[in-house]
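Accompanying notes for the structure given below.
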Protein chains: 2
Amino acid sequence: MGKSATKDSDVARSTITAPKLAAKWRKLAEARCAAANERLTPARLAAYAELLASKRPVSAYELIALMEDRQQRKIAPLTVYRHLDFLTRVGLVHRLESTHSYLPCDHPEHAHESQYLLCSSCGHADEVESKPLESILNKIADQRGFQPENTVVEIKGLCASCATSDSD
Amino acid sequence: MGKSATKDSDVARSTITAPKLAAKWRKLAEARCAAANERLTPARLAAYAELLASKRPVSAYELIALMEDRQQRKIAPLTVYRHLDFLTRVGLVHRLESTHSYLPCDHPEHAHESQYLLCSSCGHADEVESKPLESILNKIADQRGFQPENTVVEIKGLCASCATSDSD
DNA sequence: TGGCGAACGTTATAACATATCATTTGAACC
DNA sequence: GGTTCAAATGATATGTTATAACGTTCGCCA
Ligand SMILES: [Zn+2]
Ligand SMILES: [Zn+2]
Ligand SMILES: [Zn+2]
Ligand SMILES: [Zn+2]
């Protein structure tokens, strides 16, 4: 079947819409996927673009809603969870454990553990890149013969602007 | 109604069963609650005792099952979540964000943030108390004008014994 | 012994995540 | 071009974690 091109489903698939994605991020995504020997499909890229377009971390189900709105079709949770697994696996996205949400990495040039300051008032997530923190975490593990695979650091509290506006 | 003592419900309530709780832990619990000006009820103590008796971190629903087995009656999720909120609030219990589970603090004499090494193979949770780690986390927040309220540090990987038995 | 706030119970539902199995896709090879 | 195979996706169902809403009981204190 289907000698002809463009069945309806082909059209639907090939026209996955997504927020505009700056060339910089697309290049990075391609580079990370090539490095990891993984495929960067349109659906995966669309999920990534949606996260990049969001001002805040989004939950998996918020991402589903965003993509359904954009694409005007139903998307199963599993689909989005698979995209998120993929994006975190290749290092383009971090998961925030304490808020069950996801956001694009601020500097995905190199793989690293996630370290965040999370404002409980405005929801802002500030990615930290602290070598000293990294090394002390490694030291702690090392001293105990522990082999780290993945480390979560999430400092929750009030960001500078919320702290100043709230106090007094 | 109820002029007499001991209705059935009184009996049920007053005979909440729980794992045996060493005097040391009971004293600590009482001290922490007094300090926080909170009530240490039988149900809360029973939940704490169950966590202490467990060899591993347990999820809220595992705790429900444990308590239902012990007490031979239905317990609603909300009830146990309230006990867990209480226990974490007074500093007797920590929540592991990355595994959605709970475990008693190893040194609840003083309040502190949770810092753990979590073995993904055997499930063991090793509580760390690192002042240097604490101070660098504070410094990171400080430099950015961030007011920390609560910090999550969870190093996931292989514990010493799992690492040696797995490798090679 | 009445008032009051904390704790608890009951029911329902929201939010987060995965299992299973069928189908489609796309690159590799012939 | 056609075959093959693994990866990705889709569809449906279910499992797990967490909270909302509201009424009742408990324990302290005036
Ligand atoms: Zn990052
Ligand atoms: Zn803020
Ligand atoms: Zn502790
Ligand atoms: Zn282990």
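Here the structure is a predicted model, which is why all the values come from computation and not from measurement. In what follows, every chain begins at residue 1, and chains take the letters A, B, ... in the order their sequences are listed.
Between B:H107 and B:H112, the ring planes lie tilted relative to each other; the angle falls in the 30° to 60° range.
With rounding to whole Å, B:R39 atom CZ is found 7 Å from C:dG5 atom C1'. The distance from atom CD of B:E68 to atom P of C:dG9 is 12 Å, rounded to the nearest whole Å. Atom CG in B:L40 sits about 13 Å away from atom P in D:dG27, given to the nearest Å. Across the protein-nucleic acid pair, A:F86 atom CZ and D:dA7 atom C1' stand 12 Å apart, rounded to whole Å. In this entry the distance linking CG of A:L84 with P of D:dA8 reads 15 Å, nearest Å. Here C:dC8 presents its C1' atom at 13 Å from CD of B:Q71, a figure rounded to the nearest Å. Between A:N37 atom CG and C:dA27 atom C1' there is a gap of 12 Å when expressed in whole angstrom units. With rounding to whole Å, B:H83 atom NE2 is found 10 Å from C:dG9 atom C1'.
Between the side chain of A:R26 and the main chain of A:L21, no donor-acceptor pair closer than 3.5 Å is present. Here the side chain of B:R95 pairs no donor or acceptor atom with the backbone of B:D85 at under 3.5 angstrom. Put simply, the side chain of A:S120 gets close to the backbone of A:G157: a donor and an acceptor are under 3.5 Å apart. Looking only at distances, a side-chain donor or acceptor of B:E154 sits under 3.5 Å from a matching main-chain atom of B:E97. When atom types are taken as modelled, the side chain of B:E113 and the backbone of B:T151 share a donor-acceptor pair closer than 3.5 angstrom.
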Protein proximity profile, nucleotides 11-18 of chain C - base contact B, sugar-phosphate-only contact S, no contact -, cut-off 4.0 Å on heavy atoms: B----BBB

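Distance from the side chain of B:E38 is smallest for C:dA7 among the nucleotides D:dT9, D:dA8, C:dA7. Here D:dT9 is the nucleotide among D:dT9, D:dG10, C:dA7 with the atom lying nearest to any side-chain atom of A:T41.
OP1 or OP2 of C:dC8 has not a single side-chain nitrogen or oxygen of B:T79 nearer than 4.0 Å.
Closest approach of B:P57 and B:L96 over heavy atoms only: CG-CD1, 3.7 Å.
Each end of the helix from C:dT1-D:dA30 to C:dC30-D:dG1 gets its own axis from five base pairs, and the two axes differ in direction by 30°, given to 10 degrees.
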Stepwise side chain to side chain contact (heavy atoms under 4.5 Å, CB included) check, A:E50 with A:R70: CA-CA 9 Å; A:E50 206 72 63; A:R70 181 96 48 189; 2.5 Å; yes

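The residue A:R82 sits close to a base: some heavy atom pair falls under 4.0 Å.
Dense packing is recorded around CG of A:D69, with more than 12 heavy atoms of other residues, nucleotides or ligands lying under 6.0 Å away.
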